[in-house]
There are 2 protein chains.
Amino acid sequence: MQRSVRTLGVRNGGTATASSIPAFVPETMGEACTGERCYRCDVRSQSLCSSLPISELGYLDRIARRQHGPAGATMIHDGAPMNFACNITRGAVRLSRLMSDGRRQVTGFLFPGDFLGLTRRQNFPFNVEAITETEYCLFGLNELDTLARDYPDLRQQLLEMACRELDSAQDQMLLLGRKSALERVSSFLLDVFRRQNRWQGTDNIVTLHMPRGDIADYLGLTIETVSRTLTRLRQDRIIDIRETYSVEILTPQGLQELTGNS
Amino acid sequence: MQRSVRTLGVRNGGTATASSIPAFVPETMGEACTGERCYRCDVRSQSLCSSLPISELGYLDRIARRQHGPAGATMIHDGAPMNFACNITRGAVRLSRLMSDGRRQVTGFLFPGDFLGLTRRQNFPFNVEAITETEYCLFGLNELDTLARDYPDLRQQLLEMACRELDSAQDQMLLLGRKSALERVSSFLLDVFRRQNRWQGTDNIVTLHMPRGDIADYLGLTIETVSRTLTRLRQDRIIDIRETYSVEILTPQGLQELTGNS
DNA sequence: CGTACTCTTGAAACTTCTCAAAATGCGTGG
DNA sequence: CCACGCATTTTGAGAAGTTTCAAGAGTACG
């Protein structure tokens, strides 16, 4: 049986060098950023704001509790009561499900601007862990509900966010169920690249904000296979691995063709 | 490279013996079924109804367009404009994403009572195909929106349905990324079993409403591996394959232990 | 400058896939 | 009602891809 189970402690607590992973600090998040204080990338989710009138943004500020945590910290344990939502404002976060024998599936990564806690369940069904040093804002669900009652568009916005997540979850199912290792890694690199380019310049540098183990558990592979595949992409002059966490895409088109998508 | 690409025509159009697949006809769907005509399993989604006052159920009836189609029919093509939602009332339906070279990932199965079209996208991001003969109801999104405007709970209900789907999508990601073939097939059998037992008696018979190829594409395996795994489960006296589409679970606990979940 | 961790590389093992053929099941026509 | 033909399912053997185990290289930090 194929099992990639390693010492659990190492995976969860690899905090020693975790600080060397570059934290994602967006320069600008959307065009509405103002100099002194950027409302959109601060306490509020961009998606959230867009469905509220300006007059309510102050309320959103008041109900938000700012938090920050060190790299490696478990922000939310699987099964924790879900009475708040969360908006990432700095750093990188991973969502994961764990099997009892230690096998892990990373179901997603969150970067600044991403929102967590769309669902209305009793408990969180996954672990939420900080990969790098993180800043985030908590919103009590009760307060958010109050807001949602007055502004149906907010609820609609939440529904649409859930739908986008569902869509990308199904893409990931295709990746995990039918793609080869090469296709998975290629897809992943382009995916991270595109998410970063939402906010930042348009050079071809992809900054990975997570160690190889997280990538492996996200792609349903082992660390070794991820590493080997990256090496192969480098040898084939598709990418250049400038540092461990910094990859340059030499031929975006070539990488795209390796993803298996069209 | 491992690729399970077979003649596309066979997979999509295997209508010759498709009629031999047992269609799912729920005897009772929830306790609210009345004799003469079961409102809940007819035109309306149970989930939908539960958030509406009785007085509006008539409206729901009026805006619903009943449809039915033969086994093997493509109900909705990937990319089709999404201007309606859909409630399955009879039969079995599969949702699938296709890669350009023919590899397929089945992202879900729909049975009576299941709802389709939660998302508000321009186009459907997957294929919707009838496995067996099917009956379903279409709701125009405009009409549904009108209803949702007056009843915020309906919108909340839709959000919760989307969240449940998201949750099960993440479970499926764990299955596809980290589970062995034996664990996948065991998980699948128990999953179908539990979904059926929502509505029907509590014997240990699982009726599969889809051919092996659909199961394989759902579990990220090949037909042969699914077949071999079922054979192994039979030899180990975990299940009994009474007919191709009818499996008896001899030891539910034994099967549960093979799923890898705790 | 050494230690600890992660990442990379190599070789062997294992699981699953591919290819091929036989068996089974179903619908049709005699 | 039975035989035939077609499609699906099962079974077998070999091949391929990924994992596992193991060791070495690189990097960060005290």
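Protein chains get the first letters and strands the later ones, always in sequence-line order, with residue 1 at the start of each.
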Undergrad: Can you find a side chain N or O atom of Tyr245(B) that sits less than 4.0 Å from OP1 or OP2 on dT9(D)?
TA: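 For Tyr245(B), the contact criterion (side-chain N or O under 4.0 Å from OP1 or OP2 of dT9(D)) is met.
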Undergrad: More 5' along DNA chain D: Gly220(A) or Glu243(A), using each one's nearest nucleotide?
TA: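 Between the two, 5'-proximity favours Gly220(A).
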Undergrad: Please enumerate all residues that pass ring-ring contact (aromatic ring centres under 6.0 Å, His included) together with Phe109(B), with sequence neighbours excluded.
TA: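 In terms of ring-ring contact (aromatic ring centres under 6.0 Å, His included), with neighbours along the sequence ignored, Phe109(B) is linked to Tyr218(B).
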Undergrad: Nearest whole angstrom, please: distance from the C1' of dT18(D) to the NZ of Lys179(A).
TA: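 It is 18 Å, rounded to the nearest whole Å.
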Undergrad: Tell me, please, which residues at least two apart from Ala130(A) pass side-chain contact (heavy atoms from CB on, under 4.5 Å).
TA: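 By the side-chain contact (heavy atoms from CB on, under 4.5 Å) rule, Ala130(A) matches Met75(A), Thr134(A).
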Undergrad: Salt bridge (Lys or Arg N to Asp or Glu O under 4.0 Å): which pairs involve residues 238-259 of chain B, sequence neighbours left out?
TA: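 Every pair satisfying salt bridge (Lys or Arg N to Asp or Glu O under 4.0 Å) with a residue in residues 238-259 of chain B: Arg242(B)-Glu248(B).
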Undergrad: Could you tell me which residues satisfy side-chain hydrogen bond (donor to acceptor under 3.5 Å, both in side chains) with Glu135(A), sequence neighbours excluded, listed by chain and number?
TA: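 Partners of Glu135(A) by the side-chain hydrogen bond (donor to acceptor under 3.5 Å, both in side chains) criterion come out as none, since no residue qualifies.
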Undergrad: For a side chain to side chain donor-acceptor pair (under 3.5 Å) with Arg94(A), tell me which candidate from Thr107(A), Asn127(A), Asp214(A) qualifies.
TA: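 Considering Thr107(A), Asn127(A), Asp214(A), a side chain to side chain donor-acceptor pair (under 3.5 Å) with Arg94(A) is found only for Asp214(A).
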Undergrad: Roughly how many Å is it from CG in Leu221(B) to C1' in dT15(C), rounded to a whole number?
TA: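 Those two atoms, CG and C1', are 11 Å apart.
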Undergrad: Charged N to carboxylate O under 4.0 angstrom, Asp167(B) versus Arg97(A)?
TA: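 Salt bridge flag = yes for Arg97(A) with Asp167(B).
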Undergrad: Output all residues satisfying side-chain hydrogen bond (donor to acceptor under 3.5 Å, both in side chains) with Ser227(B), sequence neighbours left out; order by chain, then residue number.
TA: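 Ser227(B) satisfies side-chain hydrogen bond (donor to acceptor under 3.5 Å, both in side chains) with no residue once adjacent residues are dropped.
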Undergrad: Calculate the interatomic distance between Arg104(B) atom CZ and dC17(C) atom C1'; express it in whole Å.
TA: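 These atoms are roughly 17 Å apart.
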Undergrad: How many Å lie between CG on Leu182(B) and C1' on dC14(C), as a whole number?
TA: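 Distance check: Leu182(B) CG to dC14(C) C1' gives 15 Å.
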Undergrad: Residues two or more places apart in sequence or in another chain: which of them pass side-chain hydrogen bond (donor to acceptor under 3.5 Å, both in side chains) with Thr207(A)?
TA: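 Here no residue qualifies.
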Undergrad: Whole angstrom is fine here: how far is it from CG in Leu208(A) over to P in dC7(C)?
TA: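 Going from Leu208(A) (CG) to dC7(C) (P), I get 10 Å.
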Undergrad: Taking only residues two or more places apart in sequence or in another chain, which ones pass side-chain contact (heavy atoms from CB on, under 4.5 Å) with Pro70(B)?
TA: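 Pro70(B): side-chain contact (heavy atoms from CB on, under 4.5 Å) contacts with Ala73(B).
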Undergrad: Rounded to the nearest angstrom, tell me the gap between atom CG in Leu219(B) and atom P in dT15(C).
TA: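 Atom CG in Leu219(B) sits about 18 Å away from atom P in dT15(C).
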Undergrad: Check the distance between dG17(D)'s P and Arg184(A)'s CZ and give it to me in whole angstrom.
TA: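 Taking atom P of dG17(D) as the reference, CZ of Arg184(A) is at 14 Å.
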Undergrad: Might you list the N or O atoms of the protein lying below 3.5 Å from N or O atoms in nucleotides 10-14 of chain D, with each pair's distance?
TA:
from	atom 1	to	atom 2	distance (Å)
dT10(D)	OP1	Arg212(B)	NH2	3.2
dT10(D)	OP2	Arg212(B)	NE	3.0
dT10(D)	OP2	Ser227(B)	OG	2.8
dT10(D)	O5'	Ser227(B)	OG	3.0
dT11(D)	OP2	Thr231(B)	OG1	2.4
dG12(D)	N7	Arg228(B)	NH1	2.8
dG12(D)	O6	Arg228(B)	NH2	3.3

Undergrad: Round to the nearest Å and state the distance from Asp214(B) atom CG to dT8(D) atom P.
TA: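 Atom-to-atom, Asp214(B) to dT8(D), this comes out as 11 Å.
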Undergrad: Pairs under 3.5 angstrom, nitrogen or oxygen only, protein versus nucleotides 2-5 of chain D, please.
TA:
none

